[in-house]
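Both counts, for ligands and for their atoms, begin at 1 and track the order of listing.
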Amino acid sequence: MKHRIYDATGKFISVRMCVACRNCKEKSALLRVVKPKDGAVRIDGTGSMAGRGAYVCKNADCIARAQKIRGLERGVRAGVPKELYEELLKFEE
Ligand SMILES: [Zn+2]
């Protein structure tokens, strides 16, 4: 799901939807998890890795909820190991 919205200054910004709370936020406010075609699911620190991606807010509630409802799994259409969720929590803001 991709949208464009305007920020307060009228500039276009790209927003993505958190799989847990389903709020749309600016990409920089979200963590991206990506499943590359030929690799394991990982956290996409650059936000631009090729592959199927899913987004979650940088907060523990959304990360825990994403794990509970398997939102990231659905987003990337692959299994997401527990360790990856633990890794995500390190990015919490
Ligand atoms: Zn969220």
**Report entry** For K37, salt bridge (charged side-chain N to carboxylate O under 4.0 Å, His left out) partners two or more places apart
**Finding:** none

Query raised in the report: What are the two closest non-hydrogen atoms of K25 and C57, and how far apart are they?
Result: NZ-SG, 3.5 Å

Query raised in the report: Can you find a heavy atom in the side chain of V19 that is under 4.5 Å from one in the side chain of V33?
Result: no

Report task. Output the distance between atom NZ (K58) and atom OG (S28), rounded to the nearest 0.5 Å. Result -> 6.5 Å

Enumerate donor-acceptor pairs with a distance under 3.5 Å from any side-chain N or O in residues 68-75 to protein atoms, sequence neighbours excluded.
from, atom 1, to, atom 2, distance (Å)
R70, NH1, E73, OE2, 3.1
E73, OE1, Y85, OH, 2.7

Report task. Can you tell me which residue pairs pass the salt bridge (charged side-chain N to carboxylate O under 4.0 Å, His left out) test with a partner in residues 38-55, sequence neighbours excluded? Result -> R32-D44

**Report entry** Near the Zn ion (ligand 1) (under 2.8 Å) - protein N, O or S atoms
**Finding:** C18 SG, C21 SG, C57 SG, C62 SG

